[in-house]
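A quick write-up on the structure given underneath.
As a basis for the values below, the full set of heavy atoms in this structure was taken, side chains included, without hydrogen atoms, waters or symmetry mates. Each ligand, and each atom within it, is numbered from 1 in the order the structure gives.
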Amino acid sequence: MKLVFATNNMHKLEELQAIIGDRFDLLSLQEIGCNEEIPEEQPTLEGNARQKAFYIFTKYGYPCFADDTGLEIEALNGEPGVFSARYAGPVKNSDDNMKKVLELLAKIKNRNARFRTVISLVINGEERQFEGIVVGEIINGKKGQSGFGYDPIFQPSEFDKTFAEMALKDKNKISHRGRAVQKLVQYLKMLELNND
Ligand code: IMP
């Protein structure tokens with residue numbers, strides 16, 4: 001089955017193709033001739049993932065899935081959440097975003113936070129969503145060089161390293177995206193078995 005992953009991030013696409021295996025042929029947006037920006041205007045991760053997946057299904061007719069992720073900080077009422085990429089302003093800049101978070105939390109004891117990913121899968125016009133969560137805390141300053149986004153200030157519970165101090169394969173085992181993807185893959189494998 002051909003399945004479009006509505007992302008422009010080639011790393012995410014390659015990573016998923018390796019997990020999903022060759023019974024599902026993952027297509028990039030480029031491969032289906034989609035070069036436009038996909039609208040992402042909803043107030044929730046669920047809404048954005050759904051909007052992106054349905055946009056591709058409706059316009060291009062392919063089965064499709066899309067993801068959306070946010071960092072949700074308890075003391076900030078769930079912010080930056082759906083605004084994670086552009087928390088400090090319209091230009092997506094991770095250093096500025098982390099600086100803003102650290103400043104807002106400077107005098108706050110409650111450092112609880114979680115990353116949450118929602119994947120929306122649309123096949124034949126029917127949607128299914130998969131959620132992945134990792135809980136942890138925002139530390140006082142940046143630690144580690146790997147990863148991206150908020151990784152240097154997020155330390156998952158029961159670990160003494162930030163995401164930016166972990167090897168990618170270790171992060172993927174426990175991460176929000178890793179967990180949502182595992183649920184998606186389980187579901188796709190079930191579909192595959194039912195079609196045999
Ligand atoms: P996206 O929905 O995957 O594009 O994620 C939105 C934003 O959330 C990104 O621009 C990052 O700032 C942040 N983010 C998503 N996943 C991660 C992660 O694994 N580590 C750190 N930050 C992340």
K169 bridged to E15 by N-O distance under 4.0 Å: no
Just to verify, what does Q129 make a side chain to side chain contact (heavy atoms under 4.5 Å, CB included) with, not counting sequence neighbours? E46, R50, V118, S120, E127
Any residue meeting side chain to side chain contact (heavy atoms under 4.5 Å, CB included) with K173, in chain and number order, not counting sequence neighbours: D170
Tell me if the centroids of the rings in Y187 and F130 come within less than 6.0 Å of each other. yes
Every residue of the protein that comes under 4.0 Å of ligand 1, judged on heavy atoms: K12, D68, T69, S84, A85, F115, F148, G149, Y150, D151, K171, H176, R177
Identify every side-chain donor-acceptor pair in residues 149-158 under 3.5 Å, counting partners at least two apart or on other chains, and give the distances.
unit_1: Y150; atom_1: OH; unit_2: S84; atom_2: O; d: 2.6
unit_1: D151; atom_1: OD1; unit_2: K171; atom_2: NZ; d: 3.4
unit_1: D151; atom_1: OD2; unit_2: F148; atom_2: N; d: 3.0
unit_1: D151; atom_1: OD2; unit_2: K171; atom_2: NZ; d: 2.9
unit_1: Q155; atom_1: NE2; unit_2: F159; atom_2: O; d: 3.2
unit_1: S157; atom_1: OG; unit_2: V135; atom_2: O; d: 3.4

Verify the cluster assignment for F65 and V4: are they in a single hydrophobic cluster under the rule of side-chain heavy atoms below 4.5 Å apart? no
